[in-house]
2 protein chains.
Amino acid sequence: MSMPTIIQVAAMAGVSTATVSRVMSHPDRVAEATRRRVLEVVESLGYKPNVAARTLRTLRAAKILVTVPDISNPFFASVIRGAEEAARDAGYAVVVGDTRHDPSIEDQYADMLSSREVDGLIFLGHRLPDNLRPLMAMQGARAPVVNGCEYSPDIGVPSVHIDNAAAGCDAVEHLIGLGHHDIGLVTGPHVSPISRDRLAGAMQAAERHGLRDRLQVRVGDYSAQSSADHVPDLVAQGVTGLFCFSDEMAMGAISAIRQAGLSCPDDISVIGFDDLPLARFFQPGLTTIAQPKGRIGQQAVELLVNILQGGDSPVSQITLPHELVVRSSTRLIG
Amino acid sequence: MSMPTIIQVAAMAGVSTATVSRVMSHPDRVAEATRRRVLEVVESLGYKPNVAARTLRTLRAAKILVTVPDISNPFFASVIRGAEEAARDAGYAVVVGDTRHDPSIEDQYADMLSSREVDGLIFLGHRLPDNLRPLMAMQGARAPVVNGCEYSPDIGVPSVHIDNAAAGCDAVEHLIGLGHHDIGLVTGPHVSPISRDRLAGAMQAAERHGLRDRLQVRVGDYSAQSSADHVPDLVAQGVTGLFCFSDEMAMGAISAIRQAGLSCPDDISVIGFDDLPLARFFQPGLTTIAQPKGRIGQQAVELLVNILQGGDSPVSQITLPHELVVRSSTRLIG
DNA sequence: TCGAGCGATGTAATCCTTTACATCGACTTT
DNA sequence: AAAGTCGATGTAAAGGATTACATCGCTCGA
């Protein structure tokens with residue numbers, strides 16, 4: 001039937017509800033004998049404290065919500081893992097929400113914060129949910145909201161990310177260093193700040209070598225299909241080095257390159273972004289920019305927990321190091 | 001500061017809390033003018049009902065929990081997507097928990113059900129969390145718990161899955177049909193019922209062609225690395241056709257095959273399982289068994305919602321169709 | 001021997017919403 | 001004009017747990 005309540009447990013153990021509550025939350029404040037008796041009843045009844053009631057009373061849910069724009073992107077999985085572990089260490093559980101890039105779903109998950117179902121929110125997308133505006137306005141940097149990956153200075157939310165401009169720069173420098181002059185870029189959507197940053201870095205690198213005008217820029221959406229669609233055109237433009245802003249797009253591009261009767265890396269070098277777990281198993285092994293995915297999640301949680309505990313050091317922006325991983329999808333031209 | 005409560009809204013709008021509550025939940029039972037006045041105050045204060053209090057009172061959280069054993073496996077992402085959409089249609093939100101195959105984490109998420117934080121649970125792993133035993137014992141098939149993918153008859157939980165034995169059979173038949181006699185299998189862990197079923201089906205197919213003794217069976221854990229590790233040995237055994245119980249393992253195997261100086265499919269044909277989004281972009285395009293991932297999630301939710309609404313038709317086991325997708329990682333021998 | 005001090009436990013207010021039931025005014029019906 | 005309806009709103013009792021404060025025995029010191 002219905003779950004047993006603390007009242008039933010108390011009655012059956014011959015103590016007050018206060019004592020039962022103490023047994024559950026502060027066992028040391030209860031005499032050994034009493035504790036044992038209560039625990040026996042708890043066991044036999046299968047009693048579980050009602051979290052809604054507890055949350056209502058304590059204003060603490062012991063839970064952190066992590067929202068991702070696309071749960072099928074393995075990149076986020078690793079970030080979530082890192083967050084999960086750090087949260088567990090700090091006494092919080094993590095629940096995940098998939099917003100599918102849909103603002104109304106983002107809002108719905110954000111409501112879990114406003115309504116106190118969770119203590120804090122880490123959002124991995126690029127847009128601060130509208131519903132959070134009032135909260136941010138009221139609490140500013142003390143609001144329990146942290147962004148991961150997609151730093152956007154104007155939203156005024158603490159954030160953990162890599163230096164995407166520098167990373168974009170590194171990728172293009174790598175291609176240029178291999179002798180490529182006709183370089184193609186498949187970016188993310190324009191609204192994505194990380195895509196803008198990577199693009200800016202890439203252009204800067206090209207500029208530096210006087211190759212800015214020969215850069216071929218195409219817009220993708222981080223999915224394999226979206227870059228595959230651009231490949232025929234890029235091939236026609238004579239591109240020999242291709243920088244895709246995600247590993248999935250790199251894989252899509254390589255597949256399309258072969259479809260076009262060409263070879264990666266013999267005809268076209270391709271470099272990706274993220275270093276997904278599968279990147280090293282792909283054929284050819286993917287050259288890519290590795291992000292410290294786990295650490296991004298971990299640090300985001302630490303930032304959040306610090307806010308939740310009223311820590312006064314408002315470290316608001318954390319930049320983590322990235323790394324160029326060279327495998328076999330890029331090689332010297334010619 | 002702290003969030004506004006219904007009492008403040010009521011005071012400011014000059015009505016009772018009951019009216020405010022009605023405006024939020026049953027707008028039609030409130031006079032037009034009053035409703036507008038209240039909504040204005042709600043807006044200006046940024047009032048959001050406290051979900052803990054509401055849940056406590058109504059015993060309904062409007063939320064479904066989906067737990068996955070490994071969130072980095074893209075297979076589950078698609079299942080979650082399907083579940084999310086179906087849940088939304090039924091008026092429920094979905095939250096996801098990553099258990100990392102850890103029983104204690106499974107238990108912790110299961111507690112969200114016992115404690116009424118969520119109305120129902122869909123678990124995608126193979127093990128019923130211990131914490132749920134009492135609940136299942138009490139409520140039997142009316143417990144709001146559904147399993148996805150990993151049907152295990154002994155746990156007595158409604159479930160949605162494909163016919164894994166038949167699928168395993170199809171895969172091996174495909175290889176045999178291409179002329180392969182020395183067939184290798186990389187399974188999942190022994191504890192996984194789906195792995196056992198696929199293995200049984202595969203053996204049955206081999207048996208049928210008198211090839212049972214030549215079957216080379218190795219145990220993996222669904223990860224790319226785990227199958228890559230077995231490849232040198234399998235190659236030494238003269239295997240020409242390899243059936244991996246996941247696409248990730250197929251990709252790992254293909255990578256290792258190349259590492260060994262051989263080619264897929266020229267020397268060894270490889271068939272995977274799941275038809276991940278990336279399967280068609282892999283080199284070579286992966287031959288694989290496609291599962292209706294989205295529909296699995298969707299049907300699981302429908303089963304669950306039916307239970308939640310006290311539906312009396314205890315359809316407990318749903319078998320969905322699978323499909324062999326032939327791409328270029330398998331070919332005629334010789 | 002008596003009171004201070006202390007550990008263990010009980011009492012009861014509180015967290016915020018929902019909702020059955022009561023109330024109230026206005027309108028219809030006969 | 002009295003009685004009955006009806007729609008809109010208010011009143012107050014849950015719902016289950018936590019915790020400040022009160023209480024009750026005891027022990028210990030003087």
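FYI, side chains are in, hydrogens and waters are out, and symmetry mates aren't considered; it's all heavy atoms of this structure. Just so you know, these numbers come straight off a predicted model, no measurement behind them. Every chain is numbered from 1, with letters handed out A, B, ... down the list of sequences.
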Figure out the CZ/P separation between A/Arg37 and C/dT9, and round it to whole Å.
8 Å

Could you tell me whether A/Arg127 and A/Glu150 have a side-chain N and a carboxylate O separated by less than 4.0 Å?
no

Can you tell me the distance, in whole Å, between the CD atom of A/Gln8 and the C1' atom of D/dG15?
13 Å

Distances under 3.5 Å between protein N/O atoms and the N/O atoms of nucleotides 22-27 of chain D, please, pair by pair.
none

Is A/Arg36 salt-bridged to A/Glu40, cutoff N-O under 4.0 Å?
no

Closer than 3.5 angstrom, by distance alone: can the side chain of B/Ser115 be matched with the main-chain N or O of B/Asp111 as a donor-acceptor pair?
yes

Mind calculating the distance between CG (B/Leu59) and P (D/dG16) to the nearest angstrom?
7 Å

Cation-aromatic face contact A/Arg81/A/Phe76, 6.0 Å, 45 degrees:
no

Atom CZ of B/Arg35 to atom C1' of D/dA8: distance rounded to whole Å?
12 Å

Pairs: protein N or O with nucleotides 17-19 of chain C N or O, under 3.5 Å:
residue : atom : partner : partner atom : Å
C/dT17  : OP1  : B/Tyr47 : OH           : 2.6
C/dT17  : OP1  : B/Asn50 : N            : 3.3
C/dT17  : OP2  : B/Ile6  : N            : 2.4
C/dT17  : O5'  : B/Tyr47 : OH           : 3.2
C/dT18  : OP1  : B/Arg54 : NE           : 2.6
C/dT18  : OP1  : B/Arg54 : NH2          : 3.0
C/dT18  : OP2  : B/Ser21 : OG           : 2.8
C/dT18  : O2   : B/Arg57 : NH1          : 2.6

Main-chain N/O of B/Ile71 paired to B/Asp98 side chain as donor or acceptor, under 3.5 Å
yes

Looking across every strand, which nucleic acid part, if any, lies under 4.0 Å from A/Val51 by heavy atom: base, sugar-phosphate, or nothing?
nothing

Pick one: which of A/Gln299, A/Gln317, A/Gln291 meets side chain to side chain donor-acceptor pair (under 3.5 Å) with A/His161?
A/Gln317

Under a 3.5 Å threshold, yes or no: a donor from one side chain and an acceptor from the other, between A/Thr5 and A/Tyr47?
no

B/Thr34 vs D/dT9: side-chain N/O to OP1/OP2 distance below 4.0 Å
yes

Which residues share a salt bridge (Lys or Arg N to Asp or Glu O under 4.0 Å) with A/Arg29, sequence neighbours left out
none

Gap between atoms CG and P, on B/Leu56 and D/dA14 respectively (whole Å)
14 Å

